[in-house]
Undergrad: 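Right, I'll just put the structure down here and ask away after.
Below, chain A is the first sequence line, B the second, and so on; all start at residue 1. Every value quoted in this text rests on a predicted model; they were computed, and no experiment measured them.
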Amino acid sequence: EAGVTQSPTHLIKTRGQQATLRCSPISGHTSVYWYQQALGLGLQFLLWYDEGEERNRGNFPPRFSGRQFPNYSSELNVNALELEDSALYLCASSLQGGNTEAFFGQGTRLTVV
Amino acid sequence: AQKVTQAQTEISVVEKEDVTLDCVYETRDTTYYLFWYKQPPSGELVFLIRRNSFDEQNEISGRYSWNFQKSTSSFNFTITASQVVDSAVYFCALRGASGANSKLTFGKGITLSVRP
């Protein structure tokens with residue numbers, strides 16, 4: 001069974017540009033989570049989607065946005081990129097409910113220059 | 001609000017030593033779930049264990065064991081006879097049963113280095 005897949009693996013953008021990151025969850029999983037892991041800052045919760053709806057959002061500016069498609073895959077968009085957006089962006093998927101494990105993808109390394 | 005504290009930031013041991021990684025959590029939920037993840041240098045978080053708040057039974061899986069104590073809000077992880085392959089960052093996480101708290105809240109992670 002395929003795990004969580006993220007694309008691209010690496011992304012280099014210029015300050016001010018937009019970045020789009022993609023995530024395909026494990027088959028049967030309806031919840032998708034996005035986390036930012038910047039150097040020295042740990043895992044910061046960005047967004048949570050379930051059944052196509054945004055369920056929760058972390059403390060990030062509105063230029064971080066996303067969506068979940070009918071097939072439960074998800075997209076994270078970051079507009080007006082800033083240098084400090086450089087980080088590893090991790091996507092996780094799980095079944096509905098808190099008593100289930102979340103499985104992570106390999107991440108997208110975003111570098112803003 | 002939920003919070004996970006991993007007070008240790010870096011631990012270095014020699015191979016075959018036992019090592020315990022500490023995790024303390026805070027939540028107002030009566031039902032919640034605790035997790036440990038391993039992040040090797042490749043970057044992908046690897047799920048290790050899930051523990052439900054209503055099940056305080058400790059668990060052992062090979063060289064890994066977990067000690068859940070609700071009275072002290074702790075969920076510690078012990079690696080017995082550590083190996084170089086255990087070198088990674090280890091994250092403890094907390095998740096509520098429903099609503100906004102059902103996102104995963106992570107601690108800051110513990111970097112474990114096992115020297116040969």
Undergrad: Please answer whether the main-chain N or O of A/T20 pairs with a side-chain N or O of A/E75 as donor and acceptor at a distance below 3.5 Å.
TA: no
Undergrad: Among residues two or more places apart or on two chains, list those pairs meeting side chain to side chain donor-acceptor pair (under 3.5 Å) that have a residue in residues 34-43 of chain B.
TA: A/Q37-B/Q39
Undergrad: Do B/K3 and B/T5 have side chains that approach each other closer than 4.5 Å (heavy atoms only, starting at C-beta)?
TA: yes
Undergrad: So, A/F103 versus B/F47, ring centres under 6.0 angstrom or not?
TA: yes
Undergrad: Has the side chain of B/N76 got a donor or acceptor atom that lies under 3.5 Å from a matching backbone atom of B/C23?
TA: yes
Undergrad: Under the 3.5 angstrom rule, does the side chain of A/Q106 hit a backbone N or O of A/Q6 as a donor-acceptor pair?
TA: yes
Undergrad: Tell me, out of A/N56, A/V4, A/L43, who's got the most heavy-atom pairs with chain B below 4.5 Å.
TA: A/L43
Undergrad: Side-chain contact test, heavy atoms from C-beta onward, threshold under 4.5 Å: evaluate it for A/L21 versus A/W34 and give yes or no.
TA: yes
Undergrad: Nearest heavy-atom pair of A/T100 and B/R95: which atoms, and what distance?
TA: O-NH1, 2.5 Å
Undergrad: Has B/K70 got more than 12 heavy atoms of other residues, nucleotides or ligands less than 6.0 Å from its NZ?
TA: yes
Undergrad: May I ask you to list the residues in residues 61-74 of chain A that approach chain B closer than 4.5 angstrom, counting heavy atoms only, ordered by number?
TA: none
Undergrad: Under 4.5 Å heavy-atom distance to chain A, tell me which part of B/Y32 shows up: side chain, backbone, both or neither.
TA: neither
Undergrad: Please enumerate all residues that pass salt bridge (Lys or Arg N to Asp or Glu O under 4.0 Å) together with B/D86, with sequence neighbours excluded.
TA: B/R63
Undergrad: Does anything in residues 78-87 of chain A reach chain B? List residues with heavy atoms under 4.5 Å apart, or say none.
TA: none
Undergrad: Is the backbone N or O of B/F68 less than 3.5 Å from a side-chain atom of B/N58, with the two atoms forming a donor-acceptor pair by type?
TA: yes
Undergrad: With chain B as the partner, which of A/G42, A/G105, A/G107 has the greatest number of non-hydrogen pairs under 4.5 Å?
TA: A/G105
